[in-house]
Amino acid sequence: MALLTIEKLTKRFGAVTVLQEISCTIAPGESVALWGPNGAGKTTLLRCVLGVLPFDGRIQIHGLDVRRQGKQARRLVGFVPQEVAFYPTLTVRETAAFFARLRGLDPAEARQRLVQVALEDRLDQPVRTLSGGQRQRLALALALLGDPPLLLLDEPTASLDVRSRAEFIAHLQTLLAQGKTLLFSTHRFEEVEHLARRVLLLENGRLEADTTPGALARQLFPDVTHYHLRLHLPESQRSSALETLQTHGYEVWMNGHGLEVRVPANQKASPLLLLSRAGFEVIDFELHA
Ligand SMILES: Nc1ncnc2c1ncn2[C@@H]1O[C@H](COP(=O)(O)OP(=O)(O)OP(=O)(O)O)[C@@H](O)[C@H]1O
């Protein structure tokens, strides 16, 4: 059974139609990105699924109708907004216990969720002293209260720096591996690349495409003619591998773990083949645009 079913979802604010007849299903364990320009309707769609906005059409979470069985349906959903307003003087522990009580859950569960997002060494710190990344992890811990199978996230790393973003994405990857289902809006392709298996393209309130991260990349970066191929080789082989590649006309340089080679988009595997034919041991490789 689908975890989330959206049928002909239409949302109007007064005379303005913001979402038009959106239909899709999301299976348990899927990770789906909502992609689209500002004002496309991503946040509105998430708020309809949460049942906090009236709408036309039907939304079901695990068979529960969001409108008619809202309370039960919402127990299956955790929500991470772009930025959460916390009580600044409460500690991390008090905040989580407060939200657990609000949801009628055992406050003891709060600690478990804080451990899950690696905040166990911040328990007695007032929320106002947390970094942006720690605050967002606290928001994630609150969304995990009650252990809901579906997580909705609205541009979850929009306000974070590069490092906190990577940490947050890693936590979401762990949750995915544990079987959670994710539906998140984003403007960052790296989030799509690292987290999503599927992308819903929204434009002017319409579902323009139900596609893949790879297809989105080709649409976003049609002009990429070269990639960087990072090759991991035993240290003892790096210099001679570099020479071999240079001899064959490649632009190549050393990096921390091996070599980096500039390759044409239609010959990405050529340096790998060349090195392996020449007897080098390529341990691993990564490809970057
Ligand atoms: N409460 C509201 N009343 C009237 N119009 C609204 C309301 N909330 C959203 N809208 C309008 O609905 C449209 C979609 O907004 P929404 O926030 O869902 O877009 P979005 O795709 O999330 O955009 P962004 O990427 O900028 O967050 C916008 O034109 C917005 O102005």
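Every number for a ligand or one of its atoms is a count from 1 in the order of the listing.
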Please check whether [X] reaches ligand 1 - meaning an N/O of the residue sits under 3.5 Å from an N/O of the ligand, judged on distance alone.
X   : answer
G36 : no
G39 : yes
A40 : yes

Below 4.0 angstrom, N of the basic side chain to O of the carboxylate: do [X] and [Y] qualify?
X    : Y    : value
R165 : E190 : yes
D56  : R12  : yes
D106 : R111 : no
E30  : R197 : no

Quiz item: Heavy-atom distance under 4.5 Å between the side chains of R67 and C48, does that happen here?
Solution: no
Practice problem: Considering only protein heavy atoms, determine whether one is less than 4.0 Å from atom 8 (N) of ligand 1. | Solution: yes
Quiz item: For atom 14 (C) of ligand 1, is some protein heavy-atom partner under 4.0 Å away?
Solution: yes
Are [X] and [Y] connected in the hydrophobic side-chain network, where two residues link if heavy atoms are under 4.5 Å apart?
X    : Y    : result
F168 : L182 : yes
V80  : L172 : yes
F189 : I169 : no

So is [X] in contact with ligand 1, going by heavy-atom distances below 4.0 Å?
X    : value
H187 : yes
S185 : no
G205 : no

For ligand 1, which atoms have a heavy atom of [X] less than 4.0 angstrom away?
X    : answer
V18  : 12 (O), 13 (C), 14 (C)
P37  : 21 (O)
E155 : 24 (P), 25 (O), 27 (O)

May I ask you to identify the nearest protein heavy atom to [atom], giving residue, atom name and distance to one decimal place in Å?
atom                    : result
atom 16 (P) of ligand 1 : T44 OG1, 3.6 Å
atom 10 (N) of ligand 1 : F13 CE1, 3.5 Å
atom 17 (O) of ligand 1 : T43 CB, 3.6 Å

Quiz item: Looking at F55, does the NZ or CZ of K11 lie under 6.0 angstrom from its six-membered ring centre and within 45 degrees of the ring axis?
Solution: no
Practice problem: With heavy atoms under 4.0 Å as the rule, classify the contact between N38 and ligand 1 as side chain, backbone, both or neither. | Solution: both
Quiz prompt | Residues Q134, R137; criterion side-chain hydrogen bond (donor to acceptor under 3.5 Å, both in side chains); working and verdict | solution = CA-CA 5 Å; Q134 289 161 349; R137 282 187 353 244; over 6 Å; no
